[in-house]
Amino acid sequence: MTRLQTDPIDTSALVAETRGDGDGAVSLFLGTVRNVNAGKRVLFLEYQAYAGMAEREMERIAADAIARFGVTRVAIVHRVGRVEIGEASVAIAVAASHRAASMDACRFVIDTLKTSVPIWKREHFADGAVWIEGAG
């Protein structure tokens with residue numbers, strides 16, 4: 001399951017959608033909006049994505065994680081639009097029989113997403129805004 005959405009991410013629903021009765025572990029990663037970056041106060045973030053391509057790439061990453069790490073299921077949800085301080089901008093849930101595979105796959109997914117999915121982040125400050133490289 002992979003998707004882009006404007007609404008806040010429901011982590012309980014994400015875990016429930018990912019976990020099966022044969023899974024002994026679910027690793028959940030949340031990327032949240034912080035209020036300071038590079039010494040400047042952040043007001044909010046704005047994400048834009050090339051939707052069709054981003055979702056296809058997220059699906060490819062999820063399938064690759066399943067194949068590489070032998071995990072059961074992978075879910076990736078990324079926000080687009082305005083995201084406020086403290087809110088999750090990205091969530092990844094990985095279910096597996098054992099924790100090591102689940103945790104390793106979760107890290108692989110977020111690291112790969114940040115370098116290969118066409119999602120762009122704009123940080124808004126009191127004195128302006130900047131686009132951030134490698135933002136996924």
Side-chain angles (χ1 to χ4, degrees):
M1 177 195 70
T2 61
R3 67 178 173 264
L4 299 172
Q5 66 184 46
T6 56
D7 296 327
I9 299 169
D10 181 344
T11 56
S12 295
L14 187 65
V15 169
E17 293 171 21
T18 307
R19 190 197 161 284
D21 288 343
D23 298 316
V26 176
S27 295
L28 178 65
F29 171 82
L30 294 178
T32 59
V33 179
R34 62 182 176 263
N35 64 356
V36 175
N37 188 26
K40 294 178 74 174
R41 184 171 164 262
V42 176
L43 302 176
F44 64 92
L45 298 183
E46 174 188 355
Y47 287 91
Q48 292 183 6
Y50 182 8
M53 183 182 284
E55 290 169 330
R56 283 190 300 278
E57 184 63 13
M58 289 162 57
E59 289 169 5
R60 186 197 64 76
I61 292 167
D64 196 11
I66 290 168
R68 285 182 187 220
F69 298 95
V71 297
T72 311
R73 276 171 299 289
V74 174
I76 307 168
V77 178
H78 204 295
R79 297 275 303 273
V80 291
R82 184 175 172 142
V83 184
E84 302 295 334
I85 303 301
E87 290 185 324
S89 56
V90 61
I92 297 163
V94 178
S97 296
H98 301 284
R99 70 180 175 271
S102 178
M103 294 172 79
D104 291 346
C106 197
R107 181 175 190 118
F108 166 81
V109 170
I110 189 59
D111 290 349
T112 307
L113 182 144
K114 288 183 78 62
T115 61
S116 67
V117 177
I119 297 173
W120 302 277
K121 175 172 70 174
R122 188 172 189 191
E123 287 189 330
H124 290 263
F125 307 98
D127 63 348
V130 296
W131 290 100
I132 306 296
E133 290 285 323

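In what follows, residues are counted from 1 in the order of the sequence shown. None of these values were measured; they are calculated from a predicted model.
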Looking at A51 and L4, what are the two nearest heavy atoms and their distance?
CA-CD1, 3.7 Å

Let me check something: do V33 and F29 share a hydrophobic cluster, defined by ILVMFWY side-chain heavy atoms less than 4.5 Å apart, either directly or through other members?
yes

Heavy-atom distance under 4.5 Å between the side chains of E46 and H124, does that happen here?
yes

Do V90 and K114 come close enough that some side-chain heavy atom pair is under 4.5 Å?
no

Distance alone, cut at 3.5 Å: any donor-acceptor contact between the side chains of T2 and E55?
no

For V83 and Y47: C-alpha separation, side-chain torsions, deciding distance, then whether side chain to side chain contact (heavy atoms under 4.5 Å, CB included) applies.
CA-CA 8 Å; V83 184; Y47 287 91; 3.9 Å; yes

Got a salt bridge between D23 and R73, using NZ or NE/NH1/NH2 to carboxylate O under 4.0 Å?
yes

In terms of heavy-atom contacts, does NE2 of H98 have more than 12 from other residues, nucleotides or ligands at under 6.0 Å?
no

Would a hydrophobic clustering, with Ile, Leu, Val, Met, Phe, Trp and Tyr connected at side-chain separations under 4.5 Å, put L28 with V94?
no

CD1/I92 to CD1/I110 distance, rounded to the nearest 0.5 angstrom?
4.0 Å

Taken to the nearest 0.5 Å, the spacing of S89 OG from K121 NZ works out to 7.0 Å

V71 with V26, same ILVMFWY side-chain cluster at under 4.5 Å
no

Grab the two heavy atoms, one from G22 and one from S97, that are nearest each other, plus how far apart they are.
O-OG, 4.0 Å

Does the side chain of R60 come within less than 4.5 Å of S116's, by heavy atoms?
yes

Check R34, R41, K40 against N37 for a side-chain hydrogen bond (donor to acceptor under 3.5 Å, both in side chains) and give me the one that passes.
R34

Count the heavy atoms belonging to other residues, nucleotides or ligands that lie under 6.0 Å from CZ of R122, then report whether that count exceeds 12.
yes

What distance do I61 atom CD1 and R68 atom CZ have between them, rounded to the nearest 0.5 Å?
10.5 Å

Side chains of C106 and F108, heavy atoms from C-beta outward: is any pair under 4.5 Å?
no

Could you tell me whether R56 and E59 make a salt bridge, using a distance below 4.0 angstrom between a side-chain N and a carboxylate O?
no

Within the side chain of T18, is there an N or O that forms a donor-acceptor pair under 3.5 Å with the backbone of L14?
yes

Charged N to carboxylate O under 4.0 angstrom, E87 versus R79?
yes

Out of curiosity, does V74 fall in the hydrophobic cluster containing V15 (side-chain heavy atoms, cut-off under 4.5 Å, transitive links)?
no

Taking the side chain from T112 and the backbone from V109, do they hold a donor-acceptor pair closer than 3.5 Å?
no

Distance-minimising heavy-atom pair for V42 and L45
CG1-CD2, 4.0 Å

Are V80 and I85 joined in one hydrophobic group, where the rule is that I, L, V, M, F, W and Y side chains link up if heavy atoms are under 4.5 Å apart?
yes

